[in-house]
Novice: 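A single structure is presented below for examination.
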Amino acid sequence: MSAEMARISGKELEAMELYRQAIAQAKESGFTQNEALANELAAQFYFHKGWDEIGQVYIREAAYNYQKWGAQAKVQQLETKYPKILRRGGPSGSSMDSFQTVNSSTGSSRGSSLDLFTVMKASEAFSSEIILSKMLEKLIQILQENAGASKAFLILKTEHQLTVEAAVVSGEERMNLQSIPVEECDEISSAIVNYVAKTQSDVVLNNATREGLFTQDPYILKHQPKSVLCTRIRHQGKLTGILYFENNLTTDAFTSDRLEVLQILASQAAISLENALLYRTLEQKVEERTAELAQANAEITILNERLKADNLRMTAELDVTRRLQQMILPKHAELNAISGLDIAGFMEPAEEVGGDYYDVLQYQDRVKIGIGDVTGHGLESGVLMIMAQTVVRSLFEGNFTNPRNF
């Protein structure tokens, strides 16, 4: 019920894990009918998502458990609904016999289950990781073990090229996470990898040096591998990666059953890969944004230092201008010396002192009153004020009485 509620709520990863738990608990408790139902619902979930390889495994397990429980009508219903998956005996034999042939309950040789427990445990192992490097490490080791390969390589498809992201070789504790382009990796056949990428088809070579399209491939001729398997990782109909395996000890190492297990594991790994890649992309964006913010902060710090220096300079200039202004403005004694005229003036320096001023000039019997409004602040406007006042005084004392000429 929890798995179905998660499915309806769109929590796909949670639903996958809950289906797995439901199946495992029902199996452990011996509730065959519940195990069958959980497998059937899980199959429907995966079929709906387009992951047919995984759905096939679950629906076969469901049919097997329904048969084991004795629900023959339910088995027939599933065979009718999924004829290509469950009817393997052909028209000559009954569906019951054909199903029993595929699902022998003796020992661990039940073919259709494809070691479902291993598949689920593997899926749990790499789906629990969100850090790409750790997830790739778990994934490639699980795939190598299930493939029975001497060498295993995981290749991811980026926008521009195919890169080897993880590798494990028997006898060596080595993990490669350097994003090496396929053409630069001398431990795999780049020709086979590129062929799979372009044709979207798998390559299985039971005797790589004597059969198939790649007997004359320079890598095959040089390394003489016995068995080679190269298969795709697809998600939502798109190629996301490629798996490359070699067995250098025996021919016919990669059977159809092994290929099917690997395809199921690859299908389940695809969504975990996508999530891990998305997480890595987000991490990179966070790092880029953090670097941008750090750079911006450094620039702001430098700007603040400049502003402090500019403020000190401006403060000094304003202080000089204020003093100049006070020196130039007429003194009370000068104003009182003008007979027959009462002059009152008030001046209060603004916070940002400029070149504004007033002046009262007396020369012989003439008096001239001037008011100057100088644009700007600071020392430059103060100098302009002095220049203007000097010109006015010079013209006044030069006896330029005509206003137009003045």
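Bear in mind the structure is a predicted one, so any value in this text is a computation, not a measurement. Just the heavy atoms: all of them, side chains too, but no hydrogens, waters or symmetry mates, feed the values below.
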Novice: Flag the pair E61 / N65 as yes when at least one side-chain heavy-atom distance between them is below 4.5 Å, and no otherwise.
Specialist: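 E61 vs N65: side chains touch.
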
Novice: Taking the side chain as C-beta and beyond, is there a heavy-atom pair between V182 and Q161 under 4.5 Å?
Specialist: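 In short, these two side chains do not touch, never coming nearer than 4.5 Å.
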
Novice: Please report the C-alpha distance between N34 and T32 in whole Å, then the side-chain angles of each, then the deciding distance to 0.1 Å, and finally whether the side-chain hydrogen bond (donor to acceptor under 3.5 Å, both in side chains) criterion is met.
Specialist: CA-CA 5 Å; N34 292 345; T32 307; over 6 Å; no

Novice: Look at atom CZ of F47 and say whether more than 12 heavy atoms of other residues, nucleotides or ligands are closer to it than 6.0 Å.
Specialist: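 Buried by this count: over 12 neighbours within 6.0 Å.
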
Novice: Start with the C-alpha distance between Q33 and F31, add both sets of side-chain angles, then the distance that settles side-chain contact (heavy atoms from CB on, under 4.5 Å), and finish with yes or no.
Specialist: CA-CA 6 Å; Q33 71 276 25; F31 296 116; 4.3 Å; yes

Novice: Taking the basic N atoms (NZ, or NE/NH1/NH2) and the acidic carboxylate oxygens, is any pair closer than 4.0 Å for K226 and E246?
Specialist: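 Answer for the salt bridge query: no.
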
Novice: Taking the side chain from R232 and the backbone from I242, do they hold a donor-acceptor pair closer than 3.5 Å?
Specialist: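 Between the backbone of I242 and the side chain of R232 there is no qualifying donor-acceptor contact (under 3.5 Å).
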
Novice: Got a second to check how far K81's NZ is from Q44's CD, nearest 0.5 Å?
Specialist: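 Answer for the NZ-CD pair, K81 versus Q44, is 5.0 Å.
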
Novice: Could you measure the distance from the CG atom of L229 to the CG atom of L243? Nearest 0.5 Å is fine.
Specialist: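 Output value for this atom pair is 8.0 Å.
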
Novice: May I ask you to decide whether E17 forms a salt bridge with R20, counting only side-chain N to carboxylate O separations under 4.0 Å?
Specialist: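 So E17 pairs with R20 through a salt bridge.
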
Novice: Could you walk me through whether F153 and E187 satisfy the side-chain contact (heavy atoms from CB on, under 4.5 Å) test, starting with their C-alpha distance in whole Å, then the side-chain angles of each, then the deciding distance to 0.1 Å, before giving a yes or no?
Specialist: CA-CA 9 Å; F153 294 82; E187 295 187 88; 3.7 Å; yes

Novice: Distance from D373 atom CG to I371 atom CD1, nearest 0.5 Å?
Specialist: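 The CD1 atom of I371 is 9.5 Å from CG of D373, to the nearest 0.5 Å.
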
Novice: Can you measure from CG (N399) to CZ (R366) and round to the nearest 0.5 angstrom?
Specialist: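 Rounded to the nearest 0.5 Å, the CG-CZ separation comes out at 4.5 Å.
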
Novice: Please lay out, stage by stage, how V193 and L162 fare under the test side-chain contact (heavy atoms from CB on, under 4.5 Å).
Specialist: CA-CA 9 Å; V193 173; L162 296 167; 3.9 Å; yes

Novice: Looking at CZ of F254 and OG1 of T231, how far apart are the two atoms once the value is rounded to the nearest 0.5 Å?
Specialist: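 Interatomic distance, F254 CZ to T231 OG1, rounded to 0.5 Å: 11.5 Å.
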
Novice: Please check if the number of heavy atoms outside K331 that lie under 6.0 Å from its NZ is greater than 12.
Specialist: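 More than 12 heavy atoms, drawn from other residues, nucleotides or ligands, come within 6.0 Å of this atom.
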
Novice: Do F214 and Y219 make the cut of ring centroids closer than 6.0 angstrom?
Specialist: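 No.
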
Novice: Would you say that more than 12 heavy atoms from the other residues, nucleotides or ligands in this model lie under 6.0 Å from the OH of Y358, or not?
Specialist: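 More than 12 heavy atoms, drawn from other residues, nucleotides or ligands, come within 6.0 Å of this atom.
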
Novice: Hey, are the side chains of I155 and T163 touching, using non-hydrogen atoms and a 4.5 Å cut-off?
Specialist: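 Sidechains of T163 and I155: no contact.
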
Novice: Under a 4.5 Å cut-off applied to non-hydrogen side-chain atoms, are Y244 and V164 in contact?
Specialist: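 Sidechains of V164 and Y244: no contact.
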
Novice: Tell me the closest heavy-atom pair linking I23 and A38, and the distance in Å.
Specialist: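 The pair with the smallest heavy-atom distance is CG1-CB, 3.6 Å.
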
Novice: Tell me whether the count of non-hydrogen atoms from other residues, nucleotides or ligands lying under 6.0 Å of CD in E28 goes above 12.
Specialist: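 Check fails, neighbour count at 12 or below.
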
Novice: Kindly determine whether L156 and I233 satisfy side-chain contact (heavy atoms from CB on, under 4.5 Å), including the steps that lead there.
Specialist: CA-CA 9 Å; L156 293 183; I233 301 176; 5.6 Å; no

Novice: Can a donor-acceptor pair be found, under 3.5 Å and without considering hydrogens, that links the side chain of N297 to the backbone of L293?
Specialist: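 Not at all, since once roles are kept as given, no pair shorter than 3.5 Å links the two residues.
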
Novice: Is a donor on one side and an acceptor on the other found under 3.5 Å between the side chain of S201 and the backbone of V196?
Specialist: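 Here the side-chain-to-backbone pair does not exist.
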
Novice: What heavy-atom pair brings C185 and I180 nearest, and what distance separates the two atoms?
Specialist: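 In this case the closest contact between C185 and I180 is N-CG2, 4.1 Å.
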
Novice: When rounded to the nearest 0.5 angstrom, what is the spacing between CZ in F396 and CG in D359?
Specialist: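 If I round to the nearest 0.5 Å, the distance is 9.5 Å.
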
Novice: For F406, is the CZ atom crowded, meaning more than 12 foreign heavy atoms sit under 6.0 Å from it?
Specialist: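 Yes, enclosed.
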
Novice: Are T240 and R234 close enough that some pair of their side-chain heavy atoms sits under 4.5 Å apart?
Specialist: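 No. Closest side-chain heavy atoms not under 4.5 Å.
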
Novice: How about L78 and Y66: do any of their side-chain heavy atoms sit closer than 4.5 Å?
Specialist: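 Counting from C-beta outward, L78 and Y66 do come under 4.5 Å.
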
Novice: Specify whether F45 and Y19 have parallel, tilted or perpendicular ring planes, treating 30° as the upper limit for parallel and 60° as the lower limit for perpendicular.
Specialist: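 Rings of F45 and Y19: tilted, 30 to 60°.
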
Novice: Which atom pair, heavy atoms only, marks the closest approach of A15 to A3?
Specialist: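 The pair with the smallest heavy-atom distance is CB-O, 3.8 Å.
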
Novice: Where do D217 and A191 come nearest, in terms of heavy atoms and distance?
Specialist: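 Closest approach of D217 to A191: OD1-CB, 3.8 Å.
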
Novice: So which heavy atom on G55 is nearest to which on A43, and how close?
Specialist: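 Nearest pair, atom of G55 first, then A43: O-CB, 3.6 Å.
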
Novice: When you measure from the side chain of T215 to the backbone N and O of E211, does any donor-acceptor pair fall under 3.5 Å?
Specialist: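 Side chain of T215 to backbone of E211: no pair is present.
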
Novice: Which heavy atom in I85 sits nearest to a heavy atom in Q56, and how many Å separate them?
Specialist: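 Result for this residue pair: CD1-CG, 3.6 Å.
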
Novice: Looking at residues at least two apart in the chain, or sitting in another chain, which of them share a salt bridge (Lys or Arg N to Asp or Glu O under 4.0 Å) with E305?
Specialist: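 Scan of E305 (salt bridge (Lys or Arg N to Asp or Glu O under 4.0 Å), adjacent residues dropped) gives K308.
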
Novice: Any side-chain heavy-atom pair from N39 and L37 closer than 4.5 angstrom?
Specialist: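 Contact flag for N39/L37 side chains = no.
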
Novice: Do P225 and I220 have side-chain heavy atoms sitting under 4.5 Å apart?
Specialist: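 With C-beta onward as the side chain, the pair touches.
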
Novice: Under the criterion salt bridge (Lys or Arg N to Asp or Glu O under 4.0 Å), I'd like the reasoning laid out for E40 against K74: C-alpha separation, chi angles, the key distance, then a yes or no.
Specialist: CA-CA 11 Å; E40 182 183 1; K74 185 62 179 178; 3.1 Å; yes

Novice: For D252, enumerate each residue passing the side-chain contact (heavy atoms from CB on, under 4.5 Å) test, keeping only those at least two apart in sequence or located in another chain.
Specialist: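 By the side-chain contact (heavy atoms from CB on, under 4.5 Å) rule, D252 matches N206.
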
Novice: Main chain of E183, side chain of S190: is a donor-acceptor contact present, judged purely on distance under 3.5 Å?
Specialist: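 Answer holds: no.
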
Novice: Charged N to carboxylate O below 4.0 Å: is that the case for K49 and E12?
Specialist: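 Salt bridge: yes.
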
